[in-house]
Amino acid sequence: MLVEKIEELVKKIMLVARDAEKFDNGNASAGTRVRKDLMNLTKEIKEARQHVLEERKNRTVEDRETL
């Protein structure tokens, strides 16, 4: 599940890179899209990070219960 989420994020980053290239070539509207998309990606990355922390915590609790 986590690997799939990371792969999805990479695909989205590659799409943002297209607009970043347009921005570098002088398209101001593309810059607005890049900023918006990066903000959304930031949120998704934070969610993925939180998932990892929660999963690690759950695994630790499960390990303690099996002892």
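Residues forming a salt bridge (Lys or Arg N to Asp or Glu O under 4.0 Å) with R59 (at least two apart in sequence, or on another chain): E55.
Other residues, nucleotides and ligands contribute more than 12 heavy atoms inside 6.0 Å of the CD atom of E44.
Across all non-hydrogen atoms, the minimal contact from F23 to G31 is CD1-CA, 3.3 Å.
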Apply side chain to side chain contact (heavy atoms under 4.5 Å, CB included) to R56 and L53, showing your working. CA-CA 5 Å; R56 188 175 72 184; L53 290 172; 3.8 Å; yes
Yes or no on side chain to side chain contact (heavy atoms under 4.5 Å, CB included) for K5 and H51, after CA distance, side-chain angles and deciding distance? CA-CA 11 Å; K5 181 64 177 172; H51 172 75; over 6 Å; no
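Both L9 and V16 are part of a single hydrophobic cluster, where members link through side-chain heavy atoms under 4.5 Å apart. Both I45 and L38 are assigned to one and the same hydrophobic cluster, defined by single-linkage of ILVMFWY side chains at heavy-atom distances under 4.5 Å. Hydrophobic clustering, with ILVMFWY side chains joined whenever heavy atoms are under 4.5 angstrom apart, groups V52 together with I6.
If you take CG on D19 and CG on D37, they are separated by 6.5 Å, rounding to the nearest 0.5 Å. Rounding to the nearest 0.5 angstrom, the gap separating the CD1 atom in I13 from the CD atom in E8 is 11.0 Å.
Here the side chains of T42 and K46 are in contact, with some heavy-atom distance below 4.5 Å.
For E47 and K43, the salt-bridge test fails: no basic side-chain N is under 4.0 Å from an acidic carboxylate O.
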